[in-house]
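Atoms considered below: every heavy atom in the structure, side chains included; atoms not considered: hydrogens, waters and symmetry mates. Start at 1 with the first residue, then count along the sequence. Remember, it's 1-based here, ligands and their atoms both numbered in the order they're listed.
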Amino acid sequence: MTRGRVLVTGAGSGIGRACALYLADEGFHIIAAGRRLEPLQALAAERPGLIETVTMDVTDPASVEKAVAEASPIDHLVNNAGVAIMGAIEAVPLDEWRRQFEVNVFGVANVCRAVLPQMRQRGAGRIVQIGSVTGRLVPPYQGVYGSSKHALEGLTDALRREVSRFGIGVSLVRSGFVRTSFGDQEQESLKAHRLDAYAEDHDAYAKWHHDKGHKVAPDPVVVAREVEKAITAVSPKARYACPPSAKRFLLMRKVLPAAMVDRLIWKTIRGR
Ligand SMILES: NC(=O)c1ccc[n+]([C@@H]2O[C@H](COP(=O)([O-])OP(=O)(O)OC[C@H]3O[C@@H](n4cnc5c(N)ncnc54)[C@H](OP(=O)(O)O)[C@@H]3O)[C@@H](O)[C@H]2O)c1
């Protein structure tokens, strides 16, 4: 007897993969979605009979519609698929900005729009968005990614207020650094968008991100645990946060004046 069917986007790697495995172990039936079938099949092979696969590019509404039709019925949705484009605001070309928002914001809207009608009809369901601490506290050189996660916070607040009347719960999990290969694309992106004018600060940031970021962070299962809470709580919270370091950054953002936060961010990055 399953506890419900959960569609997880971007399930072929990292946090999405961890969510699929963890939720499958907790008694849910998983529909693992991603652009490439191979990693999804490898994932499904780890929990035979508990994980099915579907290909979906979240930026393509036709692909999303098709995948959702194949995957239905869907009780719960985890919007996890995401990309990160890094570099100074001035350095990142507009096409890259658009790609960032296509996946992290419009992609989430696409999948929500495709799944909501059946949740409304049933008068039940949970939607969990994988947000970021960066959606609240944006470090330098993360402005493109951070603004997409900021937008996700707004989208999620409105959605939660719109669909609670249908018995649908919507939560955001603000994750801090966890150990996935996300950091590799971020480092590549930092390299691609390095401007000489910013070189000293840019390099300090890239080094901090490399040395103190994903590489030494907790396993992504910490996010999966928060996702399960959002799906199973009788009254899900609007926001969850993990790991503990994320909670500290969020508290700092909440209680300190902006000028002090600016200083602390640079002190953290430079280590002095
Ligand atoms: N790792 C962290 O420290 C961290 C912290 C805060 C928030 N997050 C968020 O967590 C989520 C997952 O990140 P991760 O760390 O697990 O990195 P990841 O391993 O790179 O996972 C991202 C997933 O999104 C998929 N994806 C990208 N573009 C897509 C598209 N157009 N359509 C469908 N799927 C697409 C990727 O699949 P492909 O293989 O097809 O590219 C990949 O499976 C992201 O939303 C990220 O912003 C991560």
Worksheet item: Relative to the ring of F106, is the ring of F101 parallel (under 30°), tilted (30 to 60°) or perpendicular (over 60°)?
Response: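 Because their plane-to-plane angle lies in the 30° to 60° range, the rings of F101 and F106 count as tilted.
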Out of all atoms in ligand 1, which are within 4.0 Å of some heavy atom of [X]? Include the element for each.
X    : result
G10  : 23 (C), 24 (O), 25 (C), 43 (O)
V103 : 28 (N)
G14  : 16 (O), 19 (O)
T180 : 1 (N), 14 (P), 15 (O), 16 (O), 17 (O)
H214 : 1 (N), 2 (C), 3 (O)
Q185 : 20 (O)
V178 : 1 (N), 2 (C), 3 (O)
Y145 : 6 (C), 7 (C), 8 (N), 9 (C), 46 (C), 47 (O)

Before accepting this row, confirm whether a basic side-chain N of the pair [X]/[Y] lies closer than 4.0 Å to the acidic partner's carboxylate O.
X    : Y    : value
D157 : R239 : yes
K229 : E226 : yes
D75  : R3   : no
E70  : K66  : yes
E52  : R47  : no
R99  : E96  : yes

Taking [atom] as the reference point, the nearest protein heavy atom with its distance:
atom                    : result
atom 33 (C) of ligand 1 : M56 O, 3.4 Å
atom 5 (C) of ligand 1  : G176 O, 3.2 Å
atom 35 (C) of ligand 1 : A81 CB, 3.7 Å
atom 22 (C) of ligand 1 : G82 O, 3.5 Å
atom 31 (N) of ligand 1 : D57 OD1, 2.9 Å
atom 39 (O) of ligand 1 : R36 NH2, 2.7 Å
atom 19 (O) of ligand 1 : S13 OG, 2.8 Å
atom 12 (C) of ligand 1 : N80 OD1, 3.1 Å

Discussion item. So does V83 get a backbone contact from the side chain of Q100, meaning a donor-acceptor N/O pair under 3.5 Å?
Written reply: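 A pair under 3.5 Å: yes.
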Worksheet item: Just distances here: any N/O of G34 and N/O of ligand 1 closer than 3.5 Å?
Response: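 Between G34 and ligand 1 (N or O atoms, distance only) the closest approach is not under 3.5 Å.
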Item to complete: Please confirm whether S132 comes within less than 3.5 Å of ligand 1 when only nitrogen or oxygen atoms on both sides are compared.
Response: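 Looking only at distances, the answer is no, because the N/O contact criterion of under 3.5 Å is not met.
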Could a heavy atom of [X] be found less than 4.0 Å from some atom of ligand 1?
X    : result
A33  : no
R179 : no
R174 : no

Worksheet item: Heavy atom under 4.0 Å from ligand 1: found in E102's side chain, backbone, both, or neither?
Response: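 Under 4.0 Å from ligand 1, E102 contributes no heavy atoms.
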Item to complete: From the options E38, R35, R17, select the one whose nearest heavy atom is closest to atom 28 (N) of ligand 1.
Response: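 Considering heavy atoms of E38, R35, R17, the nearest to atom 28 (N) of ligand 1 sits in R35.
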Worksheet entry | Min side-chain heavy-atom separation R120-I168 under 4.5 Å |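 Result yes, sub-4.5 Å side-chain heavy-atom pair found.
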Discussion item. Are S132 and S175 packed together at the side-chain level, in the sense that at least one heavy-atom pair is separated by less than 4.5 angstrom?
Written reply: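 When only atoms from C-beta onward are counted, S175 and S132 do not touch, as no gap falls below 4.5 Å.
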Worksheet entry | Side chains of Q118 and S72, donor plus acceptor under 3.5 Å |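 The criterion, which ignores hydrogens and geometry beyond distance, is satisfied for S72 and Q118.
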Fill in: Q142 and Y205 side chains, donor-acceptor separation under 3.5 Å
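Indeed, the side chains of Y205 and Q142 share at least one donor-acceptor pair under 3.5 Å.
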Worksheet item: Should we count CG of D196 as having more than 12 external heavy atoms under 6.0 Å?
Response: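 Result for CG/D196: open.
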Discussion item. Between H209 and Y141 (judged by ring centroids, cut-off 6.0 Å), do the two rings come close enough to count as a pair?
Written reply: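 Ring-ring flag for H209/Y141: false, centres at least 6.0 Å apart.
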